[in-house]
Engineer: 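Just dropping this structure here.
We're numbering straight along the sequence, starting at 1. Counting convention: from 1, in listed order, for ligands and their atoms alike. It should be emphasised that the depicted structure is a prediction, and the values quoted were computed from it without experimental measurement.
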Amino acid sequence: MRASPLILALPALATAQQIPFLDEIKGFFQKASSSISSAVQSATESASIPDPVASGAAKIASLKVDRLTVDNHNTLIQPGSPNAEPGIETWLVFVTGGNKTCYGMCNKAETAFNESVPLISASPKPPKLALLNCETDGVLCHAWAVNPPSVLHFQLPQPLADQSTPSSTFRSIKVNRTTITAPEIAAVHLQDKYLETEPYEGFWHPFDGPLAKAGLSIPVGYAIWGFSQVPSWAIMIGVSMLSRTFMSRRAAPPAANRPAEGATPAQ
Ligand SMILES: *[C@@H]1O[C@H](CO)[C@@H](O)[C@H](O)[C@H]1NC(C)=O
Ligand SMILES: *[C@@H]1O[C@H](CO)[C@@H](O)[C@H](O)[C@H]1NC(C)=O
Ligand SMILES: *[C@@H]1O[C@H](CO)[C@@H](O)[C@H](O)[C@H]1NC(C)=O
C-alpha cells in the first residue's frame, strides 16, 4: 500500500507551520484513521466464530467432505436432485490445486478449509461440503472456469410443482492464498459472508449458463484442459512456425512494390 502524497507531506507542513488550516487537516486524518481502526476492530469482533470446543463441536461428528470429480459432479451437485432434502440445498466447495495449478501455494488454504470443516459442521443448518482439486480434476475446473484457491457456493432449489426447476445460485468466492484462515472460510456459511459476493450469472454458470444448457461444459472443459496440457515450448514452436509461414508469404509482395516506393522521392 502506498501512503497518499498528502499524508507524506504532512510532517513537512507541520514544521513549516505556515498554513492556518493545517490543524484542521491533521484532525481530519486523525479522525479518519481512528474511525477506520474502530471499524476494523468491530469487524474483527463480529467475525469471531464460536469456539468449536465450547460450542460442542467436539461431540458433533465432522461433516463428510466429498471429493468432487468430473464423473461424480453431476450426481452430487444437481439442482432438483431426487435425493435432496426439500427446500434449498446448499453446497460449499473448496477449490484447491497443486504445483501446476496453484504454483504449489494452495496448501495453506487447503489446510484452512480442512480446519473449517468442524466449525461449519457445528452450525445448525450446515451445507454439504466438497473439495475440488484442479490438479487432479482440471477438466471440471476448466468446465466451470474456476481457479484455486476459491470457495464455490451453490444454492440449488427443488423443482416446482410444474416440474420446472428454479434457477440455481452460484457464487465463486476468491480467497487470498496467503492470508486465508479457517474462521474466514467458515464465516462464508456461518455469517452469510457469501452474500458479499455477487452471484455469477455468466457464460460459465455450471447449470444455467448457455454452455451448461447446451450440455457443453464438460466437453469444453476437456478441450481447454487438453490445450493446457500442451507444454509451452510446443506452443512456442507452433507459433514461430506459423509466424514464419506468414512472414514468408508476406515477404514477396513488398519486394515487388519496392521500385514504386523508390519512385516517390523523399522530400
Ligand atoms: C511440488 O513441488 C515441490 C517442490 O518443487 C516438490 O517437492 C513436490 O514433490 C511437488 N509435489 C507434487 C505433488 O508434484
Ligand atoms: C484436507 O483434507 C482432505 C480430505 O478431505 C485430504 O485429502 C487433504 O490431504 C487435506 N489437505 C491438507 C492440506 O491437509
Ligand atoms: C493477499 O494478502 C496479502 C497480505 O495482505 C497481500 O499482500 C496480497 O496482495 C493479497 N493477495 C491477493 C491475491 O489479493
Side-chain angles (χ1 to χ4, degrees), residues 1-4 7-8 32-33 35-49 52-53 57-77 89-123 126-142 144-154 171-191 193-198 200 202 204 228:
M1 233 210 268
R2 281 199 292 159
S4 97
I7 295 177
L8 291 178
S33 64
S35 74
I36 288 170
S37 67
S38 72
V40 166
Q41 194 177 352
S42 70
T44 327
E45 272 162 15
S46 75
S48 60
I49 302 293
V53 178
K59 281 172 260 148
I60 297 170
S62 250
L63 289 169
K64 179 162 81 87
V65 179
D66 282 299
R67 170 103 184 263
L68 209 58
T69 68
V70 180
D71 297 326
N72 73 7
H73 78 277
N74 55 5
T75 49
L76 278 179
I77 301 189
E89 187 178 78
T90 306
W91 276 87
L92 202 138
V93 178
F94 188 77
V95 183
T96 185
N99 278 355
K100 271 198 230 156
T101 44
C102 195
Y103 312 103
M105 287 163 81
C106 270
N107 224 23
K108 181 180 188 299
E110 194 182 315
T111 306
F113 170 71
N114 283 2
E115 288 169 1
S116 77
V117 172
L119 301 176
I120 296 171
S121 305
S123 94
K128 302 205 167 181
L129 299 174
L131 189 65
L132 168 59
N133 188 336
C134 291
E135 196 87 352
T136 51
D137 292 284
V139 172
L140 193 54
C141 291
H142 285 298
W144 288 352
V146 294
N147 294 307
S150 56
V151 174
L152 310 182
H153 188 272
F154 295 87
R171 290 174 165 89
S172 175
I173 305 162
K174 287 228 166 314
V175 303
N176 186 322
R177 63 186 175 214
T178 52
T179 62
I180 187 71
T181 61
E184 274 177 69
I185 296 177
V188 168
H189 172 73
L190 296 182
Q191 298 183 321
K193 293 275 180 187
Y194 69 90
L195 292 173
E196 290 172 7
T197 303
E198 285 293 305
Y200 176 77
W204 301 94
S228 75

Engineer: For the cysteines C102 and C134, is the SG separation below 2.5 Å?
Structural biologist: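 C102 does not pair with C134 as a disulfide (SG atoms not under 2.5 Å apart), so no.
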Engineer: Would a 4.5 Å heavy-atom cut-off, applied to side chains only, mark V95 and N147 as touching?
Structural biologist: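 Side chain of V95 against side chain of N147, heavy atoms only: no contact under 4.5 Å found.
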Engineer: Who passes ring pair (Phe, Tyr, Trp, His ring centres under 6.0 Å) against F113, sequence neighbours left out?
Structural biologist: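 Once residues adjacent in sequence are excluded, the partners of F113 under the ring pair (Phe, Tyr, Trp, His ring centres under 6.0 Å) criterion are F94.
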Engineer: Rounded at 0.5 Å granularity, tell me how far OG in S123 sits from CG in L63.
Structural biologist: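 Those atoms lie 7.5 Å apart.
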Engineer: Heavy-atom contacts with N107 under 4.0 Å: which atoms of ligand 2 show up? List them by number with element.
Structural biologist: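 Counting from 1, the qualifying ligand atoms are 13 (C).
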Engineer: With only distance considered, is T111 within less than 3.5 Å of ligand 2 through an N or O on each side?
Structural biologist: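 By distance alone, the answer is no.
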Engineer: Tell me, please, which residues at least two apart from N72 pass side-chain hydrogen bond (donor to acceptor under 3.5 Å, both in side chains).
Structural biologist: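 With neighbours one apart ignored, the set is T69.
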Engineer: Check this for me, if you would: do K128 and E89 make a salt bridge, where the nitrogen-to-carboxylate-oxygen distance has to be below 4.0 angstrom?
Structural biologist: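 Answer for the salt bridge query: yes.
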Engineer: Just to verify, what does D66 make a side-chain hydrogen bond (donor to acceptor under 3.5 Å, both in side chains) with, not counting sequence neighbours?
Structural biologist: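 Partners of D66 under the side-chain hydrogen bond (donor to acceptor under 3.5 Å, both in side chains) test: K64.
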Engineer: Heavy-atom contacts with ligand 3 below 4.0 Å: which residues, ordered by chain and residue number?
Structural biologist: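 Close residues (ligand 3, cut-off 4.0 Å): N176, T178, T179.
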Engineer: For ligand 2, find out whether one of its N or O atoms is nearer than 3.5 Å to an N or O atom of N114.
Structural biologist: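 Yes.
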